[in-house]
Protein chains: 2
Amino acid sequence: MKKVTINSVASYAGVSKKTVSRVLNNEPNVSDATREKVLKVFKELDYTPNPIARGLAQNRSFIIGCIYDNPSKSYITRVQTGALAACQENNYNLLIHPCDLRGEELISNIEQLIQTSRLDGLVLTPPFSDFKLLVDFLKTKNIPYARVASAVLEDESISVRSNDEQGAFEITEHLIRLGHKSIAFIKGHPDHSATEQRFKGYLRALNTHGVEFNERLVEEGNFSYHSGVDSARSILDLTPRPTAVFASNDYMAAAVLKLATQRQLKVPDDISIAGFDNAPIARHIWPGLTTIAQPVEDMTKQAVTKLIEHIAEPQEAPYQVTLEARLITRESTAQIK
Amino acid sequence: MKKVTINSVASYAGVSKKTVSRVLNNEPNVSDATREKVLKVFKELDYTPNPIARGLAQNRSFIIGCIYDNPSKSYITRVQTGALAACQENNYNLLIHPCDLRGEELISNIEQLIQTSRLDGLVLTPPFSDFKLLVDFLKTKNIPYARVASAVLEDESISVRSNDEQGAFEITEHLIRLGHKSIAFIKGHPDHSATEQRFKGYLRALNTHGVEFNERLVEEGNFSYHSGVDSARSILDLTPRPTAVFASNDYMAAAVLKLATQRQLKVPDDISIAGFDNAPIARHIWPGLTTIAQPVEDMTKQAVTKLIEHIAEPQEAPYQVTLEARLITRESTAQIK
DNA sequence: CGACATTATGACACCGGTGTCAGGTTCGGA
DNA sequence: TCCGAACCTGACACCGGTGTCATAATGTCG
């Protein structure tokens with residue numbers, strides 16, 4: 001397998017390598033005849049430009065980094081799927097980088113990542129999307145970035161989110177319409193901006209429908225299955241027991257379901273349970289969880305696409321989009337008896 | 001932020017850039033004094049070598065590709081974790097590439113991936129690990145690769161696996177010791193070599209303990225939750241109903257559990273259920289699934305580490321390792337009544 | 001038809017490293 | 001003390017592309 005370089009193409013086609021380069025990049029000022037000729041040679045020799053050489057010349061790596069610190073494998077996978085789709089369309093590579101939000105070294109860790117891998121841009125996924133320290137750092141260093149599923153909208157960056165507050169509102173409303181008036185709520189991880197948004201949606205729904213808010217029905221979770229177990233215990237021990245539980249994500253909701261089942265409670269007859277995210281587990285357990293589906297792949301793909309555009313030609317205008325979330329009703333919620 | 005290149009370091013340290021390069025690569029034939037001097041300048045200027053330039057000069061990309069076509073997000077994530085660990089230790093990047101085993105274009109898709117991204121090597125994860133067509137292609141093209149969790153051991157490549165057959169043996173034996181004699185089995189995806197291995201382990205356990213094999217107790221699944229539901233239906237409809245079900249992975253086991261619960265069967269009192277893989281769902285449902293834990297991260301990390309070593313200096317000797325799997329007993333299996 | 005603008009093309013340096021090789025220095029042994 | 005071997009070091013080409021600029025070819029308009 002002999003190597004085919006721009007030089008071989010050039011000499012084979014009888015033009016200079018600069019001209020080949022022009023054809024490669026769809027630059028103007030190449031006559032149609034020449035362009036045709038070079039394109040034909042591309043095919044004949046099965047030429048693929050070397051992205052490394054191109055990167056060196058243009059001082060780019062064609063690599064986008066994606067950082068995350070998220071316990072949900074399915075969420076991560078969905079993020080990756082969306083990001084990969086955008087990268088492949090634009091001949092970029094995706095470098096995944098799990099890391100620890102709480103780590104002492106986070107910023108320097110990220111800095112090193114960018115330095116050593118020469119990233120062209122960074123995608124921030126929750127909980128980094130709203131991590132001010134990091135965002136400010138990137139801004140200072142002038143490193144292009146896009147934020148996925150952030151809650152706090154700023155003015156100057158690329159950000160694609162879904163409407164968590166509205167989703168939480170709808171699912172709470174769904175429970176209220178089923179006759180529930182005592183709806184427990186399990187909060188998510190305090191570092192995630194979604195946590196606050198979902199809580200807000202819950203409150204707004206109560207408010208809108210004139211259901212009294214009861215502080216004792218709110219538990220602090222952290223999105224992990226384990227925290228869901230703890231919260232579930234507190235909630236199921238309450239007297240009177242709430243007739244419904246809305247957990248801020250499906251893992252915690254699954255934990256509530258598990259504990260309830262262990263205690264011989266029938267779901268949804270004795271208690272309704274709702275989650276958030278539409279993780280695979282939501283339909284892998286019985287009864288299936290009523291939950292909120294977010295367009296994670298879409299969000300990420302849009303964010304990365306815009307990021308790459310921005311890298312190609314920096315744009316002043318911010319790009320801020322909010323996609324809608326969707327209520328999915330399954331068997332875990334039912335009319336109160 | 002001024003750019004620090006090898007040239008700045010060289011002139012600042014008063015040596016040639018070749019000498020700087022020598023220090024960078026820990027080459028011999030540099031006096032201690034010079035080495036010290038250069039290393040000090042590295043620190044002072046905060047120099048990071050440009051991997052792209054290095055790649056161009058050495059005709060390498062320092063990128064390892066990882067291909068997969070696997071429905072289990074948690075498995076993929078674990079593979080990534082292991083692969084990333086190995087890459088980071090060796091200053092490599094990991095390029096993830098989900099793709100379709102059955103796709104018409106698979107081979108040319110992979111070829112293009114390698115061409116365009118200039119991969120230095122490829123990690124094959126199930127079901128690609130034993131996909132002869134692809135392995136042969138890589139061998140022909142002389143592209144370094146490592147196989148994770150393959151069943152068919154060959155002589156000439158890097159391969160790290162875990163003992164699926166033994167794991168299946170142990171979990172079946174566990175059921176037999178609990179008094180079960182009618183143990184249904186759900187097979188995995190026919191393209192995965194693990195499918196056959198797990199079935200073999202099941203058979204060997206029956207055989208060893210003198211339990212008669214009954215063909216009617218075996219269902220064809222494909223590792224997906226959905227296929228588990230179908231198989232579960234057939235199994236639960238049998239008369240007499242088996243007293244235990246061993247599904248080839250946890251998703252299918254969860255499906256059996258779901259269907260059994262829907263039918264008012266008590267698990268494990270009425271029927272025991274066992275899975276394989278120790279996926280998160282195994283402990284997120286109630287009752288928790290008895291299953292087999294494999295060292296996925298370890299396997300992958302070892303495979304990638306060896307692959308990178310092999311790329312640095314091609315070795316004749318193959319590297320074949322089998323790690324042990326571990327039985328984890330949870331609440332879904334119990335003594336027969 | 002001549003002056004000038006526009007388009008097409010190539011020569012050459014450059015991106016930031018590494019490989020090759022030649023020349024100078026130091027060291028060990030006779 | 002002299003000589004060859006081993007050790008250091010730097011000059012320079014090279015990896016495979018892109019950017020700059022000069023120049024040649026073509027087109028436009030008065």
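Below, read A as the first sequence line, B as the second, and so on, with proteins coming before strands; counting in each chain starts at 1.
- Closest contact between the side chain of A/V30 and the listed nucleotides C/dT9, D/dG17, C/dG17 involves C/dT9.
- No hydrogens or angles considered: nothing links the side chains of B/Y319 and B/E309 as a donor-acceptor pair under 3.5 Å.
- Residue B/K18 places a side-chain atom within donor-acceptor reach of the base of C/dG19, judged by atom type and a 3.5 Å distance cut-off alone.
- Remark: A/Y47 is not in phosphate contact with D/dG16, judged by side-chain N or O atoms under 4.0 Å from OP1 or OP2.
- At whole-Å resolution of the value, CZ in A/R54 and C1' in D/dG19 are 14 Å apart.
- Checking the phosphate oxygens (OP1, OP2) of C/dT9, no side-chain nitrogen or oxygen of A/T19 falls inside 4.0 Å.
- Checking the phosphate oxygens (OP1, OP2) of D/dT18, a side-chain nitrogen or oxygen of A/N25 falls inside 4.0 Å.
- Of the charged side-chain nitrogens involved, none lies within less than 4.0 Å of a carboxylate oxygen, so that A/D69 and A/R102 do not count as a salt-bridged pair.
- Listed candidates were C/dA11, C/dG19, D/dT9. Nearest to the side chain of B/Q58 is C/dG19.
- For A/L56, whose side chain is taken as the heavy atoms from C-beta onward, the closest listed nucleotide among C/dG19, C/dG17, C/dG16 is C/dG16.
- Donor-acceptor pairing under 3.5 Å is recorded for the side chains of B/S16 and B/T19.
- Residue B/S31 places none of its side-chain N or O atoms closer than 4.0 Å to OP1 or OP2 of D/dC7.
- Taking 3.5 Å as the limit, the base of C/dG17 and the side chain of B/K17 contain a donor-acceptor pair of atoms between them.
- Atom CG of A/N7 and atom P of C/dC12 are 14 Å apart (whole Å).
- Note: CZ (B/R60) to C1' (C/dG16) measures 16 Å, nearest angstrom.
- One can place CG of B/N50 at 14 Å from C1' of D/dG16, the figure rounded to the nearest angstrom.
- Rounded to a whole Å, the CG atom of A/N59 is 18 Å from the P atom of D/dG17.
- Counting to the nearest Å, the P atom of D/dG10 and the CD1 atom of B/I6 are 12 Å from each other.
- Side-chain N/O atoms of A/T5 include none lying less than 4.0 angstrom from OP1 or OP2 on D/dG16.
- No contact: B/P28 has no heavy atom under 4.0 Å from any strand.
- The base of C/dG10 lies close enough to the side chain of A/R22 for a donor and an acceptor atom to sit less than 3.5 Å apart.
- Looking only at atom types and distance, the side chain of B/S150 has no donor-acceptor partner in the side chain of B/R161 under 3.5 Å away.
- B/P51 comes within 4.0 angstrom of no nucleic acid atom, judged by non-hydrogen atoms across all strands.
- A/V15 comes within 4.0 angstrom of the backbone, heavy atoms only, and of no base.
- Although no hydrogens or angles enter the test, the distance criterion places no donor-acceptor pair under 3.5 Å between the side chain of B/N25 and the main chain of B/E27.
- The CG atom of A/N26 sits 16 Å away from the C1' atom of D/dG17 (whole-angstrom rounding).
- In this structure, A/S21 does not reach the D/dG19 phosphate: none of its side-chain N or O atoms is under 4.0 Å from OP1 or OP2.
- Ring orientation note: the planes of B/H189 and B/H192 are tilted relative to one another, at an angle of 30° to 60°.
- Contacts of A/N29 with the nucleic acid, taken as non-hydrogen atoms under 4.0 Å apart, include base atoms.
- A straight line from NZ of A/K37 to P of C/dG10 spans 8 Å, rounded to a whole angstrom.
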